[in-house]
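All remarks here apply to the structure that follows.
The figures that follow rest on heavy atoms only: side chains count, while hydrogens, waters and symmetry mates do not. Being a predicted model, the structure only gives us computed values, none of them experimental. Counting begins at 1 with the first residue of the sequence.
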Amino acid sequence: MKSTKRMPSMEGRLQGLAATIVLAAACAILWLPFGFRLSGLIEEWDVLAHFAEHGTFFVVDSTTPLAAHRLRPFTVLPHAIAHWLTPNSFDAWNWLLIAAVFLKGWGASMVGHGITRSRRWGLVFGLLVILYPADTMQLAFRGLHINWSMALVLVGSAWLLRAQEARTPRRRLGIGVAASALLLISVLLYEVSLPMLLLPVLALIARDGVRKTLQAIRCGPGPLALWGAGALAYVAYVLLLPATTEQTYQGTLTAGHSVFQALLAALPKLFDPGLVRSIAGGWVDALAMLRAEFGGFGRFYVCLAAGALTAGLLTVAAADPRAPSSESATLKRVDAASLVRMGCIGLLLVALGYGPFLFSASHIAITQRTYLFAAIGGSLFALACLRGVALLGRPLASACVFALLTLGVSVQLFQFDHYVSIAERQRKILKAVVENFEGPQPGKALIVKDASGQLNHTWMLRDHLKLALTYFYGVRIKDVQICLGRNLAWQQLDALARPGTCVEQADRWVFSHAPPVSGPGMAPAEPESDRTVPKSDAIVLDMQSDGVIAAQTGVARHRNELANGASALSARYHQILADRGDRLSSRLFKPHSPESFLWDFGRWWNLDVPTRGSGWREAEWTGQFFTRTASAWKTQDPASLIFDLKPLAGAYVLEGRFEVVLNEAVRRSVALRLNGQPVEIQWLDSGSFRGSVPQAALRTGVNTLELAAAPDNTYYGLSVKLDRVALHPNAPKNSAP
């Protein structure tokens with residue numbers, strides 16, 4: 001008798017262990033090709049600079065440097081813990097991100113188990129949440145707090161479902177209090193998780209329907225009351241927040257509009273892109289990425305990983321000898337109405353997860369973080385579809401699960417590689433600067449002349465170089481100026497994202513803002529005064545076109561200290577900036593052809609590739625449903641694109657397309673120069689062009705393409721918006737047979 005009573009518990013533990021191993025394997029599959037190469041990208045440098053200047057703080061309030069984020073007071077908590085654990089590396093950041101991704105999958109699998117009464121289907125749900133393709137910021141540290149917020153609300157929801165079914169009042173109370181605490185912490189990390197307050201109730205409705213759910217709640221309202229108390233505690237915190245003159249981050253999103261007006265204007269976006277990308281668009285992009293980006297070894301790795309996860313799912317089912325019969329019985333009870341109900345709940349959860357971003361047009365235009373919470377609903381919708389397929393046959397359902405896991409693994413690997421590649425570019429730049437900059441000196445400005453054209457983008461330290469250096473040196477770096485390319489464009493942008501100009505004179509540096517322009521609906525602007533820095537107060541680093549900084553005199557002692565010292569700077573130099581050799585991920589993707597150049601400002605929505613050059617706004621994405629294309633306005637004359645090339649013998653063809661040419665006068669003024677030599681172009685239509693480039697105009701190594709077009713100063717100083725440009729060998733015509 002004793003052994004019979006223990007059998008279900010033992011079998012449940014075996015299933016739980018197998019499910020845990022599968023979820024851990026999913027995380028390992030993502031990190032294995034990259035290791036811990038990911039580092040700070042954007043906001044991370046901001047946070048680390050504050051830690052360096054003010055000490056590590058774990059909670060944001062009106063007295064801290066990030067007071068604008070006081071509506072989410074725990075927003076830096078994961079970053080602070082990571083920095084406290086490993087202040088001189090990003091190792092703890094990686095471990096905390098892995099833990100958050102794992103807990104998201106674990107919490108989702110428990111919620112899925114509660115909905116389907118099947119551990120195997122619950123595990124499918126957990127894997128789908130981890131590998132969900134619509135969002136593009138799961139695997140970046142700037143979303144560390146969002147990942148933890150989502151993980152905690154999922155685990156809390158799973159605990160609440162368990163509390164709702166607990167047999168003793170004491171157990172219901174204990175689990176309910178713990179679940180409520182997780183909800184509160186989740187919302188304090190990231191307030192967008194607040195709509196997930198409805199997740200446990202919607203999960204019960206998805207399983208039992210409205211009537212049975214209401215009956216169950218009436219019979220045992222305690223756990224849900226505790227759950228609601230966690231949300232009310234956050235509302236009380238917001239209402240009792242001390243008044244301050246500083247506007248909150250959330251308030252800036254709807255500045256100048258009422259909340260209702262902003263929501264009403266953006267409501268159609270809930271369908272496209274919101275629901276369209278959440279339900280189908282992300283999967284369509286994943287399939288396209290797998291076909292276009294992965295090489296033979298990469299596809300083998302993806303299929304092997306998806307196969308291993310699918311086998312793990314079968315192992316979970318096999319861990320319970322009764323699983324096949326119980327699964328069959330469960331499927332027999334599934335009817336069309338219950339699947340439709342589950343699918344509709346999934347759509348509602350997508351709306352709850354994506355809806356808060358409707359208040360901000362800038363967030364609707366991107367995919368980073370805006371679909372993280374939509375993953376819960378999108379994955380539940382996919383689960384409903386898979387269970388419907390299972391009614392037709394278990395082998396067919398297994399094949400569909402394998403297909404979705406393949407797509408999910410591929411898109412997460414590609415996104416991970418995207419962020420790691422940017423981190424690698426930043427690492428090389430920071431390494432070159434740190435090796436040649438001994439540190440801040442009172443009253444002196446650091447000027448970086450960047451002939452490589454890399455420091456011109458949000459993702460490439462344009463606005464965060466001094467913050468990153470503040471972290472590395474442990475003291476505030478007050479004054480850093482960047483001068484880009486041959487024309488020395490100043491990185492300071494005006495309200496129209498136009499750069500200024502750096503001018504080196506005999507005894508000083510002069511930094512001039514872009515001249516005033518006008519435009520429809522734009523008030524006339526007064527010219528901004530120039531800024532001057534005497535050469536005696538300037539430390540100048542000359543970064544060459546290949547990214548190498550010319551050796552500075554008198555830095556030998558500094559470099560020796562970096563290599564052999566015991567300071568925090570030396571530790572950070574070794575653990576973050578040191579070369580790490582090749583990585584496995586480089587074998588996953590198709591190599592770039594060095595004989596040609598293609599630039600389209602980003603191939604996949606919001607995975608913007610930082611422009612190397614100057615004089616371009618950052619990419620803007622247009623399109624609808626499953627198609628999004630990137631293009632960028634020219635903001636400087638001339639603008640430049642810098643690229644590496646290994647040219648073949650013979651003539652080349654330069655071709656491209658402008659999405660916008662403002663007028664005929666601008667069109668006539670368009671001129672292209674490649675490495676200083678003019679390229680005659682022919683217009684193929686109103687926006688497309690083509691020209692022949694002699695082989696003598698090309699260089700092995702760094703090449704520079706300059707585009708001139710007279711700006712229209714009555715239309716914001718703009719002229720053309722470039723969609724794409726390509727340089728490739730002139731393929732010979734096929735001879736007639």
Side-chain angles (χ1 to χ4, degrees), residues 36-37 39-40 45 48-49 51-53 86-91 423-455 460-462 464-486 488 491 502 504-509 511 533-582 612 642 644 701-702:
F36 283 8
R37 293 173 181 270
S39 59
W45 298 123
L48 287 170
F51 290 165
E53 190 174 356
T86 56
N88 299 322
S89 77
F90 284 91
D91 289 353
E424 279 289 296
R425 288 177 61 180
Q426 288 195 14
R427 180 192 65 79
K428 292 177 181 178
I429 292 170
L430 289 169
K431 182 174 184 287
V433 172
V434 168
E435 286 178 341
N436 291 279
F437 178 52
E438 295 183 78
Q441 299 179 28
K444 292 204 171 186
L446 174 64
I447 300 174
V448 180
K449 293 172 60 179
D450 178 20
S452 69
Q454 297 182 87
L455 293 166
M460 289 305 299
L461 300 167
R462 181 192 65 206
H464 295 84
L465 179 59
K466 69 178 180 180
L467 299 174
L469 294 177
T470 294
Y471 161 67
F472 279 101
Y473 289 91
V475 293
R476 185 182 179 191
I477 309 292
K478 296 182 180 179
D479 195 358
V480 177
Q481 306 301 329
I482 299 170
C483 303
L484 292 162
R486 182 174 62 87
L488 295 181
Q491 102 280 10
C502 307
E504 183 179 6
Q505 297 182 353
D507 60 344
R508 61 180 178 170
W509 282 87
F511 302 97
V533 175
K535 282 195 169 181
S536 59
D537 293 335
I539 301 171
V540 181
L541 300 183
D542 194 353
M543 183 179 293
Q544 301 168 8
S545 59
D546 57 2
V548 175
I549 292 180
Q552 304 293 297
T553 57
V555 296
R557 181 178 177 182
H558 168 66
R559 290 188 173 185
N560 182 64
E561 172 63 25
L562 286 177
N564 305 303
S567 65
L569 175 61
S570 177
R572 291 166 185 174
Y573 175 80
H574 285 288
Q575 297 180 48
I576 299 175
L577 300 182
D579 295 328
R580 300 193 181 185
D582 295 333
R612 188 178 167 193
I642 300 174
D644 295 317
V702 179

Legend entry - Side-chain heavy atoms of Leu48 within contact of Leu467, under 4.5 Å: no

Legend entry - Spatial distance of atom CD (Gln575) from atom CG (Asp91) [nearest 0.5 Å]: 6.5 Å

Legend entry - Check against side-chain hydrogen bond (donor to acceptor under 3.5 Å, both in side chains), Asp542 and Gln544: CA-CA 6 Å; Asp542 194 353; Gln544 301 168 8; over 6 Å; no

Inset, instruction - Just say parallel, tilted or perpendicular for the rings of Phe437 and Tyr473, cut-offs at 30° and 60°. - result: perpendicular

Legend entry - CA sep, side-chain torsions, deciding dist, call: Gln454, Ile429, side-chain contact (heavy atoms from CB on, under 4.5 Å): CA-CA 9 Å; Gln454 297 182 87; Ile429 292 170; 3.8 Å; yes

Inset, instruction - Locate the shortest heavy-atom distance separating Ala538 from Val533; write the atom from each residue and the value. - result: CB-CG1, 4.1 Å

Inset, instruction - Run the numbers on Ile549 and Met543 for side-chain contact (heavy atoms from CB on, under 4.5 Å), then give the verdict. - result: CA-CA 4 Å; Ile549 292 180; Met543 183 179 293; 4.0 Å; yes

Inset, instruction - Evaluate the side-chain proximity of Met460 to Gln426: yes if any heavy-atom separation is below 4.5 Å, no if none is. - result: yes

Legend entry - Main-chain N/O of Asn436 paired with His558 side-chain donor or acceptor, under 3.5 Å: no

Inset, instruction - Taking all non-hydrogen atoms of both residues into account, name the closest pair between Arg37 and Ala423 and its distance. - result: O-CB, 4.2 Å

Inset, instruction - May I ask you to test the Leu469-Val434 pair for a side-chain heavy-atom distance under 4.5 Å? - result: yes

Inset, instruction - Can you see which heavy atom on Ala566 is nearest to which on Glu561, and at what distance? - result: N-OE2, 3.9 Å

Legend entry - Any side-chain heavy-atom pair of Leu430 and Leu465 under 4.5 Å: yes

Legend entry - Cationic N near anionic O, under 4.0 Å, Lys431 to Glu435: yes

Legend entry - NZ-CG distance between Lys466 and Asp479, expressed to the nearest 0.5 angstrom: 7.0 Å

Legend entry - Minimum side-chain heavy-atom gap Val540-Lys449 below 4.5 Å: yes

Inset, instruction - Run the salt-bridge test on Asp644 and Arg612 with the 4.0 Å N-O cut-off and return the result as yes or no. - result: yes

Inset, instruction - In plain terms, say whether Asp579 and Arg427 are close enough for a salt bridge, that is, a side-chain N and a carboxylate O under 4.0 Å apart. - result: yes

Inset, instruction - Look only at the side chain of Ser452 and the backbone of Asp546, and say whether a donor-acceptor pair between them is shorter than 3.5 Å. - result: no

Inset, instruction - For Gly453 and Leu484, work out which heavy atoms get closest and say how close. - result: CA-CD2, 4.2 Å

Legend entry - NZ on Lys444 to NZ on Lys478, rounded to 0.5 Å: 15.5 Å

Inset, instruction - Grab the two heavy atoms, one from Leu562 and one from Ser570, that are nearest each other, plus how far apart they are. - result: O-OG, 2.8 Å

Legend entry - Full working for side-chain contact (heavy atoms from CB on, under 4.5 Å) between Phe472 and Val433: CA-CA 11 Å; Phe472 279 101; Val433 172; over 6 Å; no

Inset, instruction - Report yes if the side chains of Cys483 and Ile447 come closer than 4.5 Å at any heavy-atom pair, otherwise no. - result: yes

Inset, instruction - Please tell me if the side chains of Lys535 and Gln505 come closer than 4.5 Å, counting only heavy atoms from C-beta onward. - result: no

Inset, instruction - Decide yes or no on side-chain contact (heavy atoms from CB on, under 4.5 Å) for Tyr471 and Phe51, but give the supporting numbers first. - result: CA-CA 8 Å; Tyr471 161 67; Phe51 290 165; over 6 Å; no

Inset, instruction - Please report the closest heavy-atom contact between Leu461 and Ile482, naming both atoms and the distance. - result: O-CD1, 4.1 Å

Legend entry - Rounded distance (nearest 0.5 Å) linking atom OG of Ser567 with atom CZ of Arg572: 9.0 Å

Legend entry - Asp450 (side chain) donor-acceptor with Leu455 (main chain) under 3.5 angstrom: yes

Inset, instruction - Kindly check if the number of other-residue, nucleotide or ligand heavy atoms within 6.0 Å of NZ (Lys428) is above 12? - result: no

Inset, instruction - Measure the CG-CD1 distance between Leu446 and Ile539 for me, rounded to the nearest 0.5 Å. - result: 6.5 Å

Legend entry - Contact check, side chains of Phe36 and Phe90, non-hydrogen atoms, under 4.5 Å: no

